[in-house]
Structure formats: structure tokens, C-alpha cells
Amino acid sequence: MKIATFNINGINKRLKNLLDWLAEAEPDVVSLQELKATDTKFPGAAIERAGYGAVWRGQTAWNGVAILARGTVPVPTQLELPGDGGDRQARYLEAAVNGVLVTSIYAPNGNPQPGPKFDYKLAWNDRLLAHAAELMAADVPVVLAGDYNIVPEPRDIYETRSYDDNALVQPQCRKAFQRLLELGWTDAIREAFPDETVYTFWDYKRNRWPRNAGLRLDHLLLSPQAGTRLVEAGIDRHIRSRDGASDHAPAWIRLE
DNA sequence: ATGGCTTACATAGTAAGA
């Protein structure tokens with residue numbers, strides 16, 4: 001069972017990129033972020049023609065998350081991250097596919113910091129931690145897939161000082177990610193590449209892709225019941241170099 | 001080191017991304 005997460009950065013703008021990748025990578029489950037489309041603008045028919053059922057939560061202009069499943073329709077279990085009924089941003093979706101719970105997480109970016117956006121990011125991370133604890137207690141295979149907008153460690157970003165004040169690398173954010181690991185979640189990509197430099201995002205600006213000035217922001221965290229089934233993982237880096245590519249590359253795992 | 005791209009919404013120029 002191959003499960004991928006991909007910040008598509010505009011699903012309609014990049015529909016061809018998405019369909020080409022689906023056809024060649026053949027993931028069984030796909031967690032998508034940054035649809036940048038309303039519910040009615042989600043390209044459900046094209047995705048169905050590609051062989052995938054889908055659930056999604058859209059929003060005007062920004063955010064938006066979806067979960068796709070090959071040959072079946074995901075069964076949604078959460079349409080939003082619990083803990084703040086007033087939060088209207090489409091940043092969380094959770095669904096069951098063939099006995100595995102999979103999320104699409106699009107955590108807030110949080111810039112500039114300090115400020116209200118950063119406060120929202122920290123509060124959102126707290127809510128994610130609380131919900132992750134509940135999922136852990138359910139004792140089932142869970143894959144917390146998505147764009148966390150957190151660089152877990154210094155080795156997960158290229159050599160630079162330009163991000164020192166950026167929300168992505170702040171200690172409060174890294175601590176939130178670390179707490180998830182302490183709860184018992186496994187960072188699948190780091191588990192598969194313990195000593196390698198692995199990036200999933202390269203800014204469009206400043207020649208960051210050609211000079212591999214990247215960041216690792218997209219993560220797949222596994223509950224113990226999923227972690228014992230991990231056999232392979234990867235980043236589809238070549239997707240980032242295509243015409244009209246998203247600024248993120250797909251990250252994926254394979255569970256036995 | 002640098003907002004130097006790119007998008008949606010709109011139909012010019014902002015806001016947002018990370």
C-alpha cells in the first residue's frame with residue numbers, strides 16, 4: 001500500500017502535473033494540500049477518470065485539502081481539526097482507506113513571526129498534538145501525512161542564515177514536531193533515510209531548485225501499527241523539475 | 001542577504017506563500 005503526500009499548490013493550475021504523476025507513481029492513497037480551489041472547483045471528474053475516488057475540503061483562493069484513493073472512495077472520519085469551532089480554514093481532512101487512517105494536514109505557515117499568524121500556527125499545532133494523542137489511543141494504523149510547515153532539525157534545511165527568523169524553523173514549532181515523536185509517532189522519511197539530506201520543498205525564487213537549496217516540510221508520521229508495516233519510502237524529486245511544477249515534491253511510503 | 005517567483009482573485013494590484 002503506497003501512501004503519498006503532495007502539496008500541489010493549486011490543483012487546477014497543476015492538474016496535468018498531478019495526473020501525470022498519478023499515472024507514473026501509481027500511489028494507492030494521496031494526501032493533497034493547497035488546492036487553492038473551492039469545493040465546486042475541485043476537478044473530481046478528471047481524478048475519477050484517472051481511477052481515483054476522492055474526498056476534499058476546498059476554500060476560496062487559499063488552503064484546501066483532499067485525500068484520493070485508487071479504485072475506491074476514502075471514508076471521511078474528520079472534516080476539520082477538532083478544538084476550535086471558529087476555525088474556518090480548510091487545513092485538515094482524515095479518512096479511512098482499506099483499514100488505514102490517513103490525514104491531509106496543511107499546517108499554517110505562521111509568518112511573519114511574532115504576530116497573530118504565528119499565534120494561530122502554535123495553537124493549531126497544539127490542536128494537532130491533542131488529536132494525534134486520541135488517534136494514538138485508538139490503536140489502529142494511522143498515517144499523519146501532510147505539509148507540517150515545520151523544518152524538524154537544522155539538517156532539514158540547506159546551509160543558510162536567511163531563515164533564522166522564519167516561522168518554519170522556530171524552536172516552538174520544532175518542539176511541537178518533537179512532541180509528536182515523543183508520543184510514539186515515527187517520522188517515516190527520516191526513518192528510511194537516517195543519514196541523508198532530504199528535502200521536499202524548493203522556493204521558486206533565487207534559483208533554489210537548481211542549487212538544491214531546499215527544506216523538508218512534508219512529513220508522514222506513523223502510528224506503531226503502521227510503523228511496523230513500513231517497507232519503503234521516497235521523495236519524487238524529479239517532479240519538482242517539470243514545467244509548471246509545484247514548489248513541493250511528493251513524499252511517499254509503502255506499507256506491507 | 002536581498003520577496004529577485006507564482007498563484008488566486010480580478011481584470012490592477014494585493015495578499016499569501018515559506
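In what follows, chains are A, B, ... by sequence order, proteins preceding strands, each numbered from 1.
Counting non-hydrogen atoms under 4.0 angstrom, A:R208 reaches nothing in the nucleic acid. Among the protein residues, A:N7 comes within range of the sugar-phosphate backbone only, with heavy atoms under 4.0 Å from sugar or phosphate atoms but none that close to a base. Residue-level contact check: A:N149 touches the backbone only, with heavy atoms under 4.0 Å from sugar-phosphate atoms and none from bases. Within the nucleic acid shown, A:Y106 comes within 4.0 Å of sugar-phosphate atoms alone, with no base atom in reach, counting heavy atoms only. Contact annotation for A:K121: no contact, since no heavy-atom pair falls under 4.0 Å across all strands. Backbone-only engagement by A:R91 is indicated by non-hydrogen atom pairs under 4.0 Å involving sugar-phosphate atoms exclusively.
Between the C1' atoms of B:dT7 and B:dA12, the separation comes to 15 Å (whole Å). The separation of B:dT14 from B:dG4, taken at their P atoms, amounts to 14 Å, rounded to a whole angstrom. Between B:dT6 and B:dA10, the distance separating the two P atoms is 23 Å to the nearest Å.
Residues from residues 153-163 of chain A with heavy atoms under 4.0 angstrom of DNA chain B, sorted by number: A:S162.
For the pair A:N166 and A:N207, nearest-nucleotide mapping onto DNA chain B gives the more 5' position to A:N207. The residue among A:G244 and A:H248 whose nearest nucleotide of DNA chain B lies closer to the 5′ end is A:G244.
Contact between the side-chain N/O atoms of A:K36 and the OP1/OP2 oxygens of B:dG17 is not found at any separation under 4.0 Å.
Distance, A:Q59 CD to B:dT7 C1': 15 Å, rounded to whole Å. A straight line from CG of A:D203 to C1' of B:dG4 spans 10 Å, rounded to a whole angstrom. When the P atom of B:dC9 is taken as reference, atom CG of A:L35 falls 12 Å away, rounded to whole Å. If you measure from atom CD of A:Q33 to atom P of B:dA16, you get 20 Å, rounded to the nearest angstrom. Atom NZ of A:K41 is separated from atom P of B:dT7 by 16 Å (rounded to the nearest Å). One can place OH of A:Y204 at 6 Å from P of B:dT7, the figure rounded to the nearest angstrom. We find that CG of A:D247 is positioned 14 Å from C1' of B:dA8, with the value rounded to whole Å. Here B:dT6 presents its P atom at 12 Å from CZ of A:F201, a figure rounded to the nearest Å.
Side-chain atoms of A:R206 lie closest to B:dT2 of the nucleotides B:dG17, B:dA8, B:dT2. When distances are taken from the side chain of A:K13 to each of B:dT7, B:dC5, B:dC9, the shortest belongs to B:dT7. Which of B:dC9, B:dG17, B:dA8 sits closest to the side chain of A:T60 comes down to B:dC9. Among the nucleotides B:dT7, B:dA16, B:dG17, the one closest to the side chain of A:W62 is B:dA16.
A:R174 places a side-chain heavy atom less than 4.5 Å from the side chain of A:V151. Between A:K121 and A:Q113, every side-chain heavy-atom pair lies at or beyond the 4.5 Å cut-off. For the pair A:N125 and A:Q172, the minimum side-chain heavy-atom distance is 4.5 Å or more. Annotation: side chain of A:R70 is in contact with side chain of A:E26 (closest heavy-atom distance under 4.5 Å).
Shown here is A:Q78, whose CD atom has more than 12 heavy atoms of other residues, nucleotides or ligands within 6.0 Å.
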How far apart are the C-alpha atoms of A:R190 and A:D156, what are their side-chain angles, what is the distance that settles it, and do they pass the salt bridge (Lys or Arg N to Asp or Glu O under 4.0 Å) test? CA-CA 10 Å; A:R190 185 47 76 200; A:D156 295 313; 2.6 Å; yes

Assess whether side-chain contact (heavy atoms from CB on, under 4.5 Å) is satisfied between A:R14 and A:E34, documenting all intermediate values. CA-CA 11 Å; A:R14 293 182 222 290; A:E34 279 208 84; over 6 Å; no

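Sequence neighbours left out, the pairs with a member in residues 123-149 of chain A that pass salt bridge (charged side-chain N to carboxylate O under 4.0 Å, His left out) are A:D87-A:R127.
Other residues sharing a hydrophobic cluster with A:L222 under the 4.5 Å side-chain heavy-atom criterion for ILVMFWY residues are A:M1, A:I3, A:V29, A:V55, A:V65, A:I67, A:L79, A:L93, A:V97, A:V100, A:V102, A:Y106, A:V143, A:I189, A:F193, A:V198, A:L220, A:L230, A:I235, A:I253, A:L255.
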